Amino acid sequence: MSLKEKIENKVTEIIDNDFEVTDITDVPNVDDSRLTFGNTGLRFEATVLYIDMRESTKLLNNHNRKTTAKLHMAYFHTIVSIANSLGGSVRSFNGDGMLVFFQGTTKQSLSTAVMSAMKMVYMLNNDDSKVKKKLEKYSALNFGIGLDYGKILCTKAGAYSGAS
């Protein structure tokens, strides 16, 4: 079977078959066995924090690869440490952006996400922060943070390397 036929068959299978959704009460891990490459998804309620580095291309153009790697490592270490300390679940790195889930859509989960965002802003942007001072040795980091809440539909998308 040609690659074209394999792709067409899989797309037909995905589009034409029903999609099963299972409601859950936790934020699933990447290796959760309930997530498959089939037409299945897990739905849960969460408050979501998204943080994204702005002007990262400028950062790449102004510094060598080692320096750029150090800046990204420090940036992500700061974000992940703060998120983890407040019970957040980091589930997606998107280039220089990251999604952090806080279980539920309650006033408490929203407050926790806001507190997490405030701590990130302080560590990356406040003149009293040693992290900011270390990063500015090379470049000040510009970033944006967004918060939202609601029902999340989580799926495994892409192609399984063992798929026929």
Side-chain angles (χ1 to χ4, degrees), residues 10-11 14-15 19-61 63 65 67-126 129 131-132 134-136 138-161 163:
K10 185 61 179 178
V11 169
I14 291 167
I15 299 299
F19 193 93
E20 292 182 34
V21 175
T22 303
D23 288 313
I24 61 172
T25 59
D26 58 313
V27 177
N29 286 316
V30 175
D31 59 355
D32 192 313
S33 63
R34 298 173 295 181
L35 289 170
T36 70
F37 284 102
N39 276 13
T40 62
L42 303 176
R43 184 173 43 212
F44 59 96
E45 288 193 3
T47 301
V48 182
L49 179 150
Y50 182 71
I51 182 167
D52 185 55
M53 189 186 299
R54 295 181 181 138
E55 301 172 341
S56 59
T57 303
K58 186 192 295 185
L59 190 73
L60 292 168
N61 291 333
H63 301 290
R65 290 180 182 159
T67 299
T68 302
K70 285 181 177 183
L71 291 169
H72 276 87
M73 289 171 66
Y75 167 75
F76 282 128
H77 174 77
T78 300
I79 295 164
V80 171
S81 295
I82 291 168
N84 287 343
S85 77
L86 293 169
S89 299
V90 177
R91 290 294 183 265
S92 181
F93 290 91
N94 306 305
D96 56 23
M98 183 187 306
L99 282 172
V100 181
F101 295 94
F102 296 89
Q103 181 62 49
T105 55
T106 64
K107 195 180 281 188
Q108 180 61 46
S109 64
L110 264 157
S111 294
T112 303
V114 168
M115 177 62 71
S116 185
M118 291 170 62
K119 288 184 176 200
M120 290 173 190
V121 168
Y122 171 82
M123 292 299 285
L124 296 170
N125 206 34
N126 191 290
S129 168
V131 170
K132 179 186 179 194
K134 285 290 185 184
L135 293 170
E136 283 183 337
Y138 299 103
S139 282
L141 295 186
N142 188 3
F143 60 94
I145 299 176
L147 298 171
D148 199 0
Y149 65 95
K151 290 187 179 189
I152 309 294
L153 179 58
C154 180
T155 65
K156 225 177 217 186
Y160 176 64
S161 59

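Small disclaimer: the values here were computed from a predicted structure and weren't measured. The basis for the numbers below is simple: all heavy atoms, side chains too, and nothing from hydrogens, waters or symmetry mates.
- Between the side chain of Asn39 and the main chain of Ile14, a donor-acceptor pair closer than 3.5 Å is present.
- To the nearest 0.5 Å, atoms OG1 (Thr22) and CG (Leu42) are separated by 6.0 Å.
- One N or O on the side chain of Ser85 and one on the backbone of Ile82 form a donor-acceptor pair closer than 3.5 Å.
- With hydrogens and angles ignored, the 3.5 Å screen pairs no side-chain donor or acceptor of His77 with any backbone N or O of Met73.
- More than 12 heavy-atom neighbours from other residues, nucleotides or ligands sit within 6.0 angstrom of NZ on Lys132.
- Of all non-hydrogen atoms in Lys70 and Tyr138, the two that sit nearest each other are NZ-OH, 4.1 Å.
- In this structure, CG in Asp96 is found 6.0 Å from CZ in Phe76, a value given to the nearest 0.5 Å.
- At distances below 3.5 Å, not a single donor-acceptor pair connects side-chain atoms of Asn29 with backbone N or O atoms of Asp31.
- Remark: the backbone N or O of Glu45 is paired with a side-chain donor or acceptor of Gln103 at under 3.5 angstrom.
- The backbone N or O of Lys107 sits less than 3.5 Å from a side-chain atom of Ser111, completing a donor-acceptor pair.
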Report all side-chain donor-acceptor pairs from residues 117-126 shorter than 3.5 Å, counting only partners two or more places apart or in another chain.
residue, atom, partner, partner atom, Å
Asn126, OD1, Asp128, N, 2.8

For this session: Apply side chain to side chain contact (heavy atoms under 4.5 Å, CB included) to Arg91 and Val100, showing your working.
Result: CA-CA 6 Å; Arg91 290 294 183 265; Val100 181; over 6 Å; no

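- Note on residues 143-158: no pairs pass side chain to side chain donor-acceptor pair (under 3.5 Å), not counting sequence neighbours.
- Every side chain to side chain contact (heavy atoms under 4.5 Å, CB included) that Val48 has, sequence neighbours left out, goes to Leu99, Phe101, Ile152.
- Residues Gly41 and Phe19 come closest through the heavy atom pair N-CE2, 3.7 Å.
- In this structure, Ala83 and Ser116 approach most closely via the heavy-atom pair CA-OG, 4.1 Å.
- What you find for Leu147 and Ala113 is that their closest heavy atoms are CD2-CB, 3.9 Å.
- Side chain of Ser139 to backbone of Leu141: no donor-acceptor contact under 3.5 angstrom is found.
- A side-chain donor-acceptor contact under 3.5 Å links Arg54 to the backbone of Phe143.
- Judged purely by atom type and a 3.5 angstrom limit, Thr67 has no side-chain atom pairing as donor or acceptor with the backbone of His63.
- Nearest approach of Ala46 to Thr105, heavy atoms of both residues: O-CG2, 3.5 Å.
- The closest side-chain donor-acceptor pair between Thr40 and Glu20, if any, does not fall under 3.5 angstrom.
- Listed here is the closest heavy atom pair of Ser89 and Val27: CB-CG1, 3.9 Å.
- Looking at Ser81, its side chain never comes within 3.5 Å of a backbone N or O of Thr78 through a donor-acceptor pair.
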